[in-house]
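Right, one structure below, let's go through it.
Everything numeric here is computed off the predicted structure, so don't read it as measured data.
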Amino acid sequence: MPPTTRRMSFPRVVIERDTDSEESSSEEEEEPQNFDHEVEVEVEVEVEEEEVIENEKEAKVLEDVKKKGKAPITISLKKVCKVCKQTGHEAGFKGATYIDCPMKPCYLCKMPGHTTMTCPHRVSMEHGVVPARKRSTRSPLDFVFERQIRTNVPKIKPAFVVPDQVDCAVIRYHSRRVTCLEFHPTNNHILLSGDKKGQLGVWDYDKVHEKTVYSNIHSCILNNMRFSPSNDGTLYAASSDGTISCTDLETGMSSALMNLNPDGWHGPSSWRMLYGMDVNADKSLVLVADNIGYLYMMDMRSHNKTGEEILIHKKGSKVVGLQCNPVQPELLLSCGNDHFARIWDMRKLEAQSSLVDLPHKRVVNAAYFSPRSGSKILTTAQDNRIRIWDSIFGNLESPSREIVHSHDFNRHLTPFRAEWDPKDPSESLAVIGRYISENYNGAALHPIDFIDTSTGQLVAQVMEPNITTISPVNKLHPRDNVMATGSSRSLFIWRTKDDSELVQEKDERKIILCGKSGKKPKGKFDCGSDDDSDNDTFSPKGKKSKSNKSEAKPSSYTLNKFKTKSTKSSK
């Protein structure tokens, strides 16, 4: 029997707009929405016979099919909300405006009855969500605290000093987003930075061009770093590759002091990553915590591990923060993904022996003791709340104050962390970047907020029109009126307006443009995208850098109050 050949025509596709869903879209926005419109598709397939079919049986089958006929296949795809996955409306960000989902509570304060744009907590108000209340504790510890520790805090609150003007910057300094910042303990002009690739940057922002990047220290995310209390040229760092490194900043020589993955990669279930880190100078210990809830201690003198690992948080949850109390180093503060921040006594450190458990509704990104008295605790959680616990000797069942703030986002971003101002004698000023953007002359900018934790008021919001990326990593200088910001792959130094003008008169500031592109910036400095395509996990297939010490050759631009019209200059 000779073969039978058929030729089918292409399907005819009819596209029709869903008028009902278009009418239910937001009428307040004048510009067209950028959401994915799903349409109704009607497909009809017509089969034409162009050749004579010799087989009678096949001809009968075709005739039966033609007599019966086939109904067209209709696929109905309507607009789907990205938040609640229901049809008939849309929600999400459009530039600086967040369109709320009517089926969900406010994105900012997580409470129903209003939208994000009309949220009463869009700008931090006095008392935040929960007003501060007078503690009625009469314990002996509270009496000792008031007599010996509280006396170091002045009764009259001095004026806050806010660095609000960009003084110098390094654009595309790192190859991945910045994850942590640290000022040098003795040299006021040295800033250290770590990135997602594990690189360590050393930048002298007073001379601007003196910068170095060490790429051989870690193979993935550098999460935390601390200076040695006995040698300011030695830096300890904890990374997601499961190692603690000890680096000589002058030579760049680094050695791994602890490795939790000596056998290499055997899958994500067995891989251990180090997150939280701090140094206890009194006991000469380096404290680190991993991604499954365990605490490790290493002796700084012998560079050996001491004792056994201790489970300090729920097994299987990350411990992202560790800090020893600045006044009483025996007290250890930890926080993690199990929705708790915990206070421990290092003299009897055992599993399930925490002194106090501070509950939160979601993941706790950071927890810090106040820098002078160590009597307050500042925590940042993923439920858009900054919590203040006034006295570690008082009633800690609930926070003294909760402040609503927009930082509920950490995918492809370094988590937001509210940090104290170490120079503030009143221990009430905190700084944190903001996720929800503000419309600044048509541009969507993400400001950096300075908040008075004693009242919940927004002291200042600083922003720069040329910085269009989110700034989650912010560090205030312990001695100078300077703030360092890590925004995507770039570093920025902020000063007060008066100090910045004095510095510019003394020595002309520079903007350094690193990376592959050496062209002159047009309008805005390309700081790189905040959206990293790779996940925050260790990749065993990644290639390590061959060079032990790499120093970028920048092209420099004159900084005239951070204007976009820069003139090219020679180094």
Can you find a pair of side-chain heavy atoms, one from [X] and one from [Y], that are under 4.5 Å apart?
X: V364; Y: L358; result: no
X: D206; Y: N188; result: no
X: M273; Y: C220; result: no
X: Y296; Y: I244; result: no
X: M346; Y: L285; result: yes

Could you check whether [Y] and [X], counting side-chain N and O atoms only, form a donor-acceptor pair closer than 3.5 Å?
X: E419; Y: N474; answer: no
X: R177; Y: T414; answer: yes
X: W203; Y: S193; answer: no
X: S230; Y: S228; answer: yes
X: T186; Y: D232; answer: yes

With sequence neighbours left out, write down each residue that passes ring pair (Phe, Tyr, Trp, His ring centres under 6.0 Å) with [X], or none if nothing qualifies.
X: H339; value: none
X: Y236; value: none
X: F340; value: none

Step through the shown structure and confirm whether more than 12 heavy atoms of other residues, nucleotides or ligands are within 6.0 Å of NZ on K423.
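Atom NZ in K423 is packed in, count exceeds 12.
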
Using modelled atom types and a 3.5 Å cut-off, is there a donor and acceptor pairing between side-chain atoms of [X] and backbone atoms of [Y]?
X: N365; Y: Q382; result: no
X: H218; Y: K196; result: no
X: S487; Y: I470; result: yes
X: T380; Y: A418; result: yes
X: D299; Y: T306; result: no
X: N384; Y: D408; result: yes
X: N325; Y: L331; result: no
X: S490; Y: R172; result: yes
X: T247; Y: S254; result: no
X: E427; Y: S373; result: yes

List for me each residue that meets salt bridge (Lys or Arg N to Asp or Glu O under 4.0 Å) alongside D195, sequence neighbours excluded, and say none if there are none.
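If we apply the salt bridge (Lys or Arg N to Asp or Glu O under 4.0 Å) test to D195, skipping adjacent residues, there are no hits.
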
Hey, which of I190, L191, D167 is the one that makes side-chain contact (heavy atoms from CB on, under 4.5 Å) with Y205?
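Answer to the side-chain contact (heavy atoms from CB on, under 4.5 Å) test with Y205 among I190, L191, D167: L191.
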
My understanding is that only one of V162, V462, V166, D421 makes a side-chain contact (heavy atoms from CB on, under 4.5 Å) with M483; could you say which?
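For M483, the side-chain contact (heavy atoms from CB on, under 4.5 Å) test succeeds with only one of V162, V462, V166, D421, which is V462.
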
Hey, are D383 and R385 close enough for a salt bridge, meaning a charged N less than 4.0 Å from a carboxylate O?
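Here D383 does not pair with R385 in a salt bridge, since their nearest N and O are not under 4.0 Å apart.
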
Determine, for D278 against R226, whether the closest basic-nitrogen to carboxylate-oxygen distance falls under 4.0 angstrom.
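So D278 pairs with R226 through a salt bridge.
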
Quick check for you: to the nearest 0.5 Å, what is the distance between [X] atom [atom1] and [Y] atom [atom2]?
X: I386; Y: D449; atom1: CD1; atom2: CG; result: 8.0 Å
X: S391; Y: L396; atom1: OG; atom2: CG; result: 7.0 Å
X: T179; Y: L413; atom1: OG1; atom2: CG; result: 12.5 Å
X: N224; Y: S239; atom1: CG; atom2: OG; result: 11.0 Å
X: L295; Y: S334; atom1: CG; atom2: OG; result: 8.0 Å
X: R417; Y: C335; atom1: CZ; atom2: SG; result: 8.5 Å

With [X], which residues qualify under side chain to side chain donor-acceptor pair (under 3.5 Å), at least two apart?
X: W420; value: none
X: S270; value: none
X: N187; value: none
X: S428; value: D424, S426

Could you name each residue pair satisfying ring pair (Phe, Tyr, Trp, His ring centres under 6.0 Å) that touches residues 306-327, not counting sequence neighbours?
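Of all non-adjacent pairs touching residues 306-327, none passes ring pair (Phe, Tyr, Trp, His ring centres under 6.0 Å).
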
Qualifying ring pair (Phe, Tyr, Trp, His ring centres under 6.0 Å) pairs, either residue in residues 345-378, two or more places apart
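Applying ring pair (Phe, Tyr, Trp, His ring centres under 6.0 Å) to every pair that reaches into residues 345-378, excluding sequence neighbours, yields H360-W389.
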
Any salt bridge (Lys or Arg N to Asp or Glu O under 4.0 Å) involving residues 329-341? Give me the pairs, sequence neighbours left out, ordered by first then second residue.
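Salt bridge (Lys or Arg N to Asp or Glu O under 4.0 Å) check on residues 329-341 returns D338-R342.
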
Could you walk me through whether L235 and Y214 pass side-chain contact (heavy atoms from CB on, under 4.5 Å), step by step?
CA-CA 13 Å; L235 183 76; Y214 297 108; over 6 Å; no

Residue pair C180, M225: steps toward the side-chain contact (heavy atoms from CB on, under 4.5 Å) verdict:
CA-CA 8 Å; C180 56; M225 50 188 174; 3.8 Å; yes

Would you call the rings of H477 and F183 parallel, tilted or perpendicular if under 30° counts as parallel and over 60° as perpendicular?
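H477 vs F183 ring planes: tilted.
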
Hey, can you tell me if F227 and H184 have their rings parallel, tilted or perpendicular (30° and 60° cut-offs)?
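Because their plane-to-plane angle is over 60°, the rings of F227 and H184 count as perpendicular.
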
For residues [X] and [Y], report the shortest heavy-atom separation together with the two atoms involved.
X: C324; Y: L287; value: SG-CD1, 3.7 Å
X: H405; Y: R434; value: CE1-CA, 3.9 Å
X: T485; Y: S471; value: CG2-CB, 3.5 Å
X: V327; Y: R372; value: CG2-O, 3.2 Å
X: S175; Y: K197; value: OG-CD, 3.3 Å

Within 45° cone of Y294 ring axis and under 6.0 Å: R272 NZ or CZ
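Yes - R272 lies over the ring of Y294, closer than 6.0 Å to its centre and within 45° of its axis.
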
Applying side chain to side chain donor-acceptor pair (under 3.5 Å) to S240 and N223, what does each step give before you reach the verdict?
CA-CA 7 Å; S240 292; N223 292 311; 2.9 Å; yes

Under the criterion side-chain contact (heavy atoms from CB on, under 4.5 Å), I'd like the reasoning laid out for L249 against T212: C-alpha separation, chi angles, the key distance, then a yes or no.
CA-CA 10 Å; L249 297 179; T212 305; over 6 Å; no

Once side-chain contact (heavy atoms from CB on, under 4.5 Å) is applied, do any residues pair with I310, and if so which ones, sequence neighbours excluded?
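side-chain contact (heavy atoms from CB on, under 4.5 Å) check on I310 returns M297, I312, L349.
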
